[in-house]
Amino acid sequence: MWAQLITMRLKPGKDMAELDNQLRAAEQPGSGLVRTLTMHDQADPSQVYALVVFESEDKARAREQDPRRQEALHAPRAIMADIFDGPPQFTDLTVADEWTG
């Protein structure tokens with residue numbers, strides 16, 4: 001498995017509800033996406049983290065290049081420009097272990 005931690009900051013008064021809906025609608029079957037966790041910092045709710053887990057880095061990179069996905073991301077990108085204070089920051093992660101209690 002492979003993952004990305006995406007760090008974003010919301011502009012005052014903005015939320016991610018519509019963006020979440022748009023991103024789910026843009027997802028293609030077989031993309032390699034395993035799960036997405038979106039989290040807000042308790043001390044600073046404008047600070048948002050998304051942990052996006054994939055079957056593999058190769059699948060994630062292929063997903064990035066999929067023309068169908070690129071077309072479907074036009075609306076979500078417009079929403080991102082409106083709600084985020086600056087561009088998201090990406091951290092690539094190798095999943096060393098997974099445990100579910």
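- A single hydrophobic cluster is seen to contain both Leu73 and Val48, as judged by linkage of ILVMFWY side chains at heavy-atom distances under 4.5 Å, directly or through other members.
- For the salt bridge (Lys or Arg N to Asp or Glu O under 4.0 Å) condition, the pairs that include at least one residue of residues 71-87, sequence neighbours left out, are Lys14-Asp82.
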Report the C-alpha distance between Val52 and Leu33 in whole Å, list the side-chain angles of each, state the deciding distance to 0.1 Å, and finish with yes or no for side chain to side chain contact (heavy atoms under 4.5 Å, CB included).
CA-CA 8 Å; Val52 187; Leu33 178 66; 3.4 Å; yes

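- In terms of modelled atom types and a separation under 3.5 Å, the side chain of Glu55 and the main chain of Val34 share no donor-acceptor contact.
- Within 6.0 Å of CD on Gln42 lie no more than 12 heavy atoms contributed by other residues, nucleotides or ligands.
- Every residue two or more places apart in sequence or in another chain was checked for a side chain to side chain donor-acceptor pair (under 3.5 Å) with Gln65, and none qualifies.
- Tyr49 pairs in a side chain to side chain contact (heavy atoms under 4.5 Å, CB included) with only one of the listed residues (Leu37, Asp41, Thr38), which is Asp41.
- A search for salt bridge (charged side-chain N to carboxylate O under 4.0 Å, His left out) contacts involving Asp66 returns Arg68, not counting sequence neighbours.
- Partners of Ser56 by side chain to side chain contact (heavy atoms under 4.5 Å, CB included), not counting sequence neighbours, listed by chain and number: Asp58, Lys59.
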Distance-only criterion, 3.5 Å: show the donor-acceptor pairs between side-chain atoms of residues 17-26 and protein atoms not counting sequence neighbours.
{"from": "Glu18", "atom 1": "OE2", "to": "Gln22", "atom 2": "NE2", "distance (Å)": "2.9"}
{"from": "Asn21", "atom 1": "ND2", "to": "Ala17", "atom 2": "O", "distance (Å)": "3.4"}

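- Sorted by first and then second residue, the salt bridge (Lys or Arg N to Asp or Glu O under 4.0 Å) pairs involving residues 25-38 (not counting sequence neighbours) are Glu27-Arg63, Glu27-Arg69, Arg35-Glu98.
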Please table the atom pairs, donor to acceptor, closer than 3.5 Å between any side-chain atom in residues 1-10 and protein atoms at least two apart or in another chain.
{"from": "Gln4", "atom 1": "NE2", "to": "Asp92", "atom 2": "OD1", "distance (Å)": "2.9"}
{"from": "Arg9", "atom 1": "NH1", "to": "Asp44", "atom 2": "OD2", "distance (Å)": "2.7"}
{"from": "Arg9", "atom 1": "NH1", "to": "Ser46", "atom 2": "OG", "distance (Å)": "2.8"}
{"from": "Arg9", "atom 1": "NH2", "to": "Asp44", "atom 2": "OD2", "distance (Å)": "3.4"}
{"from": "Arg9", "atom 1": "NH2", "to": "Gln47", "atom 2": "OE1", "distance (Å)": "2.5"}

Could you go through Met16 and Phe84, starting from their C-alpha distance and side-chain angles, then the distance that decides it, and tell me whether this counts as side chain to side chain contact (heavy atoms under 4.5 Å, CB included)?
CA-CA 9 Å; Met16 293 185 53; Phe84 291 135; 4.2 Å; yes

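- Met39 and Phe90 are members of different hydrophobic clusters when ILVMFWY side chains are connected at heavy-atom separations under 4.5 Å.
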